[in-house]
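All figures in this text were calculated on a predicted structure; none of them were measured in a lab.
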Amino acid sequence: MKNNEDSLNSRLRLFVIFIFFILIAYTYKLFSMQIIYGDKFKQKSQNISKRTTLIPAQRGEIFDREANTPMVLNIDSFAVDIVPGEVPRQEFDTVISRLSSILKIPVSQIEKKLPLSVRRDFRSIEIKSNVDYSTIVQVAESIDSLPGVSWHSKPVRNYVDTRSFSHIIGYVGDITADELTRFYNKGYTSNSIIGKAGIEKQYDEILRGTDGVEYRTVDAKGRYIENTTVVTPPKMGNNLVLTLDKRIQKLAEEALGPRIGAAVVLKPTTGEVLAMVSYPYFDQNIFGKEITSSLAKELFENPDKPLLNRAIDAAYPPASTFKVIMNTAILNEKAFPPENAVPCLGEIEYGNRVFRCHIRKPGHGKLALNEALAKSCDVYYWTVCRDYLGVEKIVDYAKRFGLGQSTEIDLPSQSEGFVPSPKWKERRFHEKWLNGDTMNMSIGQGYTLASPLQVANMACMVINNGIIYKPHLLKEIRDPSSGEIIKTVQPQILHQENISKEVFDQVRYAMNLVTIQGEARFPMKNPMFRFAGKTGTAEVGLEDTWHSWMMAYGPYDAPPKDMIVVSVIVEAVNGWEWWAPYAANIILHGALANQTYDETIDYLGFRQLPAVVRRSE
């Protein structure tokens, strides 16, 4: 009996000792958590209960070269969000219905953004952007019946200058899933606004700035606790100053008028783009709104392609503007004596085809090189380029002038144009290159294609004695707060050719003859300035229908740094009026004389022009 009692007492003592050690361990753990590591666990508990909200940064503003008034700025707006995981399941339909009523959007539109697969997520999903302040007030007044709903500031782009600026500046929009996948590591989120076209896309990372963050602590029911907010403010994106001159841009826009086509104005010694017009254009501000599917469809399916920047993204047969390259090649290669004349009877027979000059019979008569360019005689170039220069040299010089290659302008897309060759034709059509192909190519027809910007660069090479500077639209990057210049874009050489100055002197002389003795003497007549250039009339396979080209520069007798280059194309879809040389004269004169469009056409006598019904080179 005594042994049993001793055994029981022994077990009780062991049990008491065990409980004692457990209490000591538990007490130590509590002491450790509350005293030794208290701050650490407090921080962890706060992090778990913190609500994080991104504060979108305002995008940088965009200015023209004078940097006085922004062409693009930001206006205050809001976006409404929902955290689906915070909406009780039984209240989901009710919350969506209430939100639909306040935001004035269909329930289906909200449900589309909240599929079943995300309804238990605790990430914030944007329901609607571009929401005005009065609507946010309604959301705030109903917030107790809208669990999971919140809002944040989301500035909207306001494009002050639209019309012909639309293709250059571009527009922004909500980031797509594909874009988020590609740019996630650069700090973009599912709610980011991103550049979609033009300068907005090209320099998106410079313009977008750095988003801020707001940390707020919530209780177990998700209610905000006062005095717990910590804010890291957003940093506005940098401002951009472009090379564009708004005065010249407006002048070029009015000179081109409501004609489908394009115009480019460059400073040849720097590559700065002073104006770039493509018609038709569009209003970028529609992309800052809730664009409807019908409006988007109308814009994207418009047969006139208003979203296409014809100045750089379209390519056309360069027609007789290509003869400037041929003059350079003939002189530099000494392929044919420039003083020797070639008889033009208005047409020549070759093979089983008759090649007709643009003036038809009886032709130009006998012409040497300079006169051939001035009067744009096709027969001269057909003969000399076929029999003396040859296709390989034609292809070589076309590429040396930058055709068939990127101009590397700072925009997201551009056409490289096309320079055909015998090898290409054989691969493409399984046909041999014929002398007829050489004849077509020598006058800028056939398969050769160039953009208006590439044609402008042709003139730049002639002016700069073999140098083409990279065309660019960005002039400066500036700090948005101080206005301090962060970066200035310096001229960069795109192409440089070892062709003698004497050759280019002769080419420039012949280009001047075009405007004072040749086909363009009437539309390019100007009492104040001397110009040089080359017309072009591109065949498009339709009777009495042609593209109208003019590539020109001036003042002809000024130093290159004081010159400007203009390239204009008016597409064949417009009624034929041979308008490109008239538009070029207007742009050159107005830009150099600091006159408006109306002042210029009155000075030049272009207010009432007779209709042009015949083909002109």
Rounded to the nearest 0.5 Å, how far does CG of Asn465 lie from CD1 of Ile499? 10.0 Å
Verify, without hydrogens or angle tests, whether Asn585 (side chain) and Lys525 (backbone) share a donor-acceptor contact under 3.5 angstrom. yes
Arg508 side chain vs Val462 backbone, donor-acceptor pair below 3.5 Å: yes
Could you walk me through whether Leu367 and Val342 pass the side-chain contact (heavy atoms from CB on, under 4.5 Å) check? CA-CA 5 Å; Leu367 296 174; Val342 172; over 6 Å; no
Between the side chain of Asn285 and the main-chain N/O of Tyr159, is any donor-acceptor distance below 3.5 Å? yes
Would a distance-only check, ignoring hydrogens and angles, find a side-chain to backbone donor-acceptor pair under 3.5 Å from Asn327 to Val324? no
Using a 3.5 Å distance criterion without hydrogens, assess whether the side chain of Trp549 forms a donor-acceptor pair with backbone atoms of Pro317. yes
In terms of side-chain heavy atoms, does Thr596 have a donor or acceptor partner in Lys250 at a distance below 3.5 Å? no
Hey, does the side chain of Asp313 reach the backbone of Leu308 with a donor-acceptor pair shorter than 3.5 angstrom? no
Residues, nucleotides or ligands: over 12 heavy atoms within 6.0 Å of Glu349 CD: no
4.5 Å side-chain heavy-atom contact, Met441 and Trp433: yes
Taking the six-membered ring for Trp, are Trp579 and Tyr582 parallel (under 30°), tilted (30 to 60°) or perpendicular (over 60°)? parallel
For Ala591, does its backbone N or O pair with a side-chain atom of Arg247 as donor and acceptor, under 3.5 Å? yes
Are there over 12 heavy-atom neighbours, none belonging to Asn498, within less than 6.0 Å of that residue's CG? no
Tell me the closest heavy-atom pair linking Ser442 and Cys385, and the distance in Å. CB-CB, 3.5 Å
Indicate yes or no: does Lys323 engage Asp378 in a salt bridge with an N to O separation below 4.0 Å. yes
Geometric class of the Phe287/Phe282 ring pair [parallel <30°, tilted 30-60°, perpendicular >60°]: perpendicular
Could you check whether Trp382 and Tyr350 have their ring centres less than 6.0 Å apart? no
Excluding sequence neighbours, so at least two apart, what forms side chain to side chain contact (heavy atoms under 4.5 Å, CB included) with Asp387? Thr383
Output for pair (Lys246 NZ, Asn68 CG), nearest 0.5 Å, gives 9.0 Å
Criterion side-chain contact (heavy atoms from CB on, under 4.5 Å) on Leu411 and Ile199, from CA distance to verdict: CA-CA 6 Å; Leu411 284 173; Ile199 291 293; 4.2 Å; yes
Interatomic distance, Asp64 atom CG to Leu473 atom CG [nearest 0.5 angstrom]: 12.0 Å
Are Arg353 and Phe355 in a cation-pi setup, meaning NZ or CZ lies under 6.0 angstrom from the ring centre and within 45 degrees of the ring axis? yes
For Thr162 and Asp283, does a side-chain donor sit closer than 3.5 Å to a side-chain acceptor? no
Taking side chain as C-beta onward, heavy atoms only, is Glu272 less than 4.5 Å from Lys475? yes
For Thr407, is there any backbone N or O sitting under 3.5 Å from a side-chain donor or acceptor partner on Gln454? no
Between OH on residue Tyr281 and CG on residue Leu256, distance to nearest 0.5 Å: 8.0 Å
Are Trp424 and Val395 side-chain neighbours, meaning at least one heavy-atom pair lies under 4.5 Å? no
Determine the sole option in Glu577, Glu253, Glu254, Glu571 for which the salt bridge (Lys or Arg N to Asp or Glu O under 4.0 Å) test with Arg259 is passed. Glu577
Test Leu266 against Leu453 for side-chain contact (heavy atoms from CB on, under 4.5 Å), laying out the working first. CA-CA 9 Å; Leu266 296 177; Leu453 180 58; 4.0 Å; yes
With a 4.5 Å cut-off on side-chain heavy atoms, are Met439 and Ile443 touching? no
To the closest 0.5 Å, what do you measure between CD1 (Ile564) and CD1 (Ile587)? 8.5 Å
With side chains defined as the heavy atoms from C-beta onward, is the minimum distance between Leu369 and Tyr381 less than 4.5 Å? yes
Taking C-beta and beyond as the side chain, do Trp576 and Ser548 meet within less than 4.5 Å on heavy atoms? yes
Scan side-chain atoms only and decide if Ser451 and Gln414 contain a donor-acceptor pair under the 3.5 Å cut-off. no
Any heavy-atom pair between the side chains of Tyr279 and Pro258 that's under 4.5 Å? yes
NZ/NE/NH1/NH2 to OD/OE distance under 4.0 Å, Lys393 and Asp396: no
Nearest-0.5 Å distance that lies between atom NZ in Lys366 and atom CG in Leu345: 10.0 Å
Has the side chain of Glu371 got a donor or acceptor atom that lies under 3.5 Å from a matching backbone atom of Ala368? yes
Considering all heavy atoms of both residues, which atom of Met458 and which atom of Thr321 are nearest to each other, and what is their separation? CE-O, 3.1 Å
Without hydrogens or angle criteria, can the side chains of Asp437 and Tyr447 be said to hold a donor-acceptor pair below 3.5 Å? no
With a 4.5 Å cut-off on side-chain heavy atoms, are Met461 and Arg400 touching? no
Tell me whether Lys375 at atom NZ has more than 12 heavy atoms from other residues, nucleotides or ligands lying less than 6.0 Å away. no
Taking the six-membered ring for Trp and the full ring for Phe, Tyr or His, determine whether the centres of His589 and Phe529 are under 6.0 Å apart. yes
Leu588 and Met550: side-chain contact (heavy atoms from CB on, under 4.5 Å), yes or no, with the steps? CA-CA 12 Å; Leu588 283 167; Met550 187 69 203; over 6 Å; no
Are more than 12 heavy atoms, taken from residues, nucleotides or ligands other than Lys425, located less than 6.0 Å from that residue's NZ atom? yes
Check whether more than 12 heavy atoms from other residues, nucleotides or ligands sit under 6.0 Å from atom CZ of Arg428, and answer yes or no. no
More than 12 heavy atoms of other residues, nucleotides or ligands under 6.0 Å from NZ of Lys196: yes or no? yes
Check for a donor-acceptor pair, side chain of Thr448 on one end and backbone N or O of Pro318 on the other, with a separation under 3.5 Å. no
